[in-house]
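Each remark here refers to the structure printed beneath this line.
Positions are given from 1, in the same order as the sequence printed here. Note that the structure is a prediction, hence the values are computed from the model and not measured.
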Amino acid sequence: MKKAVKKKEVSQNLGKVEKELKELSTNNGEGKKFSFWEERVQIIFFILLSLICYGNTINHEYAVDDKNVIFQNQYTKKGIAGIKDLLTKDSFQGVYGDNPQFLQGGRYRPLSLVMFAIEQEIWPDTVEKPRKPHPGHIINVLLFTLCCIIIYRLLRDYIVPYSPKIVFLTTLLFVVHPIHTEAVANIKGRDEVLSMLFLMLTLYTSLKFVREKQYRYLLISLVAFFLGLLSKENGLTFIAILPLTLYFFVPRLTLRQILNHFLPFLGVIVLYLILRISFTGLNLQEDPNDVLNNPFLNKSFGEKYGTIMYVLLFYIGLLFYPHPLSWDYSYKQTPYYHLLDLPSIASILLHVAALGFAIYGLRKRSLYSFSILFYLFSIFIVSNILINIGGFLGERFLFQASLGFFLLFVKFLVDIEEFAQFRFLRQLGFSIVVIAILSVPCIAKTISRNQDWYNNKVICLKDTKACPNSAKINAAAGNTLIEIALGEKDSMERIRKFKLAAYYLGRAAEILPSWIEVYKDYGMALAMSKQYEKAERAWLSGIAQNPSSLIVRDLKANLSILYYERAVAKMSSKNNLEFLQAEPLLLKSLEYNPQNEIALDALGKFYFLQKDYTKAILYFKKAVALRSENHEFYYNLGAAYLNSGYVDSAQATFERILRAYPQHAGAQQGLAIIKNRNKK
């Protein structure tokens with residue numbers, strides 16, 4: 001009886017496939033009608049569509065972390081010579097050295113960095129001919145296009161071979177959805193694209209091996225899986241996804257056969273983990289004591305997991321409505337929620353219901369179940385539930401997970417169309433119309449968002465509007481404007497840009513007062529826009545936040561220079577009261593940096609002009625001790641000796657200057673004065 005029922009189901013499914021193919025397809029032979037549903041036609045369509053969506057990134061510059069991984073990584077800068085280090089060290093070590101603050105957690109993603117090193121070898125960056133970003137953008141677009149084609153072939157050949165409509169619409173959504181712009185438009189996002197490309201190739205060749213029993217496909221699959229792991233840790237999700245894929249789409253396999261097929265991949269995972277631990281260590285140290293790298297610092301269990309559940313709900317919202325988009329959602333843009341707050345409860349109910357529905361459909365091998373599980377396993381690794389990923393969320397983290405979501409969404413629309421009581425929905429092609437309508441704004445948004453990724457100035461300033469409460473975005477906007485202002489020739493425009501930079505950096509300091517690094521640039525922007533008192537307060541605030549920080553040394557050095565420059569301005573005044581105000585400023589300058597030789601020399605000049613030659617000699621000698629090659633310091637010391645009656649010391653000082661600089665007019669004049677005095 002059961003065999004009869006199964007035969008009936010198979011017959012119905014075959015009839016359904018034949019009917020759909022009859023509606024959607026035409027014959028491919030010579031002299032027969034053209035069909036859009038032909039595989040090669042759709043592949044060409046998706047290639048062209050991906051180029052339409054991302055072709056405008058090719059002429060972009062570097063943005064956000066691009067320069068970090070390309071120019072500030074000492075290993076990628078070496079070209080091919082740096083590949084050994086890239087393969088055997090933490091992925092951040094080439095940028096941050098051995099600084100444990102940035103190496104906590106361990107990152108082993110060498111594949112994209114190796115590609116950058118090879119590109120550096122082909123297109124070297126030199127002073128005479130700086131490296132252009134265009135090849136990097138072209139490679140990203142081509143890799144994304146290839147990734148889309150592999151997804152299309154995987155869906156068409158193995159996942160939903162019975163429904164060209166689901167295949168086409170799912171791939172279409174993946175190509176046009178704006179959530180992928182960060183991964184493609186940002187060169188650094190190549191690790192996401194490479195990971196997805198190789199993992200999809202892993203699934204495709206694994207299924208091909210199981211169907212055709214040709215071991216070359218197993219070998220390709222294992223190599224692709226290893227490369228996927230070397231791209232990013234996302235491949236670890238295939239501990240669950242690969243066996244599930246075999247279970248769902250190769251029904252004839254028993255659980256034992258699935259396990260046997262998975263064992264070589266488990267071996268690849270073990271090899272990867274051995275390499276990772278060997279090169280980056282176990283990294284069992286505590287999470288960073290920094291809210292920017294540890295977003296749940298000092299948060300309770302309820303707050304941590306309540307916020308995590310909110311983020312998971314936010315991800316679904318971004319997939320439905322990807323606007324506005326941002327490259328950062330860190331502190332304080334993403335709010336904290338408790339487990340008992342409404343958004344967290346709603347997210348828990350939604351995800352538990354989805355998981356329950358997926359488990360319920362396991363036995364029937366429902367496409368809904370596979371789509372949900374693919375999404376949940378893909379998002380789990382970047383959810384912060386088990387591992388601190390260093391941030392609340394990121395659009396790039398949806399690159400892999402989004403495929404499961406799109407497959408689920410399209411399947412739902414197609415089912416509405418097929419089982420609707422209203423004939424016009426079926427005749428209209430409800431699912432095609434809905435996705436077509438959604439695709440138009442998606443394409444527009446993707447192209448528009450790509451423009452935001454043009455360079456640092458555009459993306460940072462643009463995203464201050466999308467995420468005005470992000471400390472990191474405001475700081476990035478301020479630093480970018482400082483860089484631009486330093487190259488500005490027009491003095492008024494230069495000051496305007498520094499003032500705008502100070503606004504954003506001040507906003508960052510306001511959002512996260514404990515972020516001591518931001519005070520350094522905030523004070524600089526204020527000082528360069530001639531807001532000296534505000535600059536002083538900014539640097540003093542930074543010192544007060546964490547007096548033991550290494551950054552404090554830089555803040556004190558900046559304060560020392562600030563007080564020095566204000567003192568010099570006072571000393572040039574003809575007003576005696578203003579002139580006298582220079583002394584306390586110079587003393588403050590030396591309080592914050594006793595090694596500031598120009599402040600020592602300036603204080604010596606102040607006392608010299610006050611005819612306090614004893615103090616003048618004291619500070620000139622200190623300046624000379626720090627910068628013995630500075631002949632002007634020596635001349636000032638010689639003049640102080642001469643005016644205080646130490647003629648022999650003055651003569652020796654002037655002679656020393658003339659041995660190094662025979663044409664020094666001041667030293668010649670000083671010796672002439674001494675000679676005249678001796679004659680008398």
Counting only pairs under 3.5 Å, give me each side-chain donor-acceptor contact of residues 316-327, with atom names and distances, residues two or more places apart or in other chains.
{"unit_1": "His323", "atom_1": "ND1", "unit_2": "Lys445", "atom_2": "NZ", "d": "2.9"}
{"unit_1": "Ser326", "atom_1": "OG", "unit_2": "Asp328", "atom_2": "N", "d": "3.1"}
{"unit_1": "Ser326", "atom_1": "OG", "unit_2": "Asp328", "atom_2": "O", "d": "2.8"}

Q.
Which residues pass the side chain to side chain contact (heavy atoms under 4.5 Å, CB included) test with Ile277, not counting sequence neighbours?
A. Leu282
Q. What residues, two or more places apart in sequence or in another chain, satisfy side chain to side chain contact (heavy atoms under 4.5 Å, CB included) together with Leu219?
A. Val223
Q | Sequence neighbours excluded, every pair satisfying ring pair (Phe, Tyr, Trp, His ring centres under 6.0 Å) that has a member inside residues 128-158 | A | Phe46-Tyr152, Tyr54-Phe144, His60-His137, Tyr158-Tyr204
Q: With sequence neighbours excluded, tell me which residues meet ring pair (Phe, Tyr, Trp, His ring centres under 6.0 Å) with His261.
A: Phe209, Phe265
Q. CG/Leu481 to CG/Asn456 distance, rounded to the nearest 0.5 angstrom?
A. 10.5 Å
Looking only at side-chain N and O atoms, does [Y] offer a donor or acceptor that is under 3.5 Å from a partner on [X]?
X	Y	answer
Asn234	Glu192	yes
His180	Ser402	yes
Gln400	Ser378	yes

(Q) If the condition is salt bridge (Lys or Arg N to Asp or Glu O under 4.0 Å), which residues does Lys472 pass it with, not counting sequence neighbours? (A) none
Q) Where does the angle between the aromatic ring planes of Phe399 and Phe174 fall among parallel (under 30°), tilted (30 to 60°) and perpendicular (over 60°)? A) perpendicular
Q | Student check: side-chain heavy atoms of Glu39 and Ile43 closer than 4.5 Å | A | yes
Q | Ring centres under 6.0 angstrom apart (Phe392, Phe314) | A | no
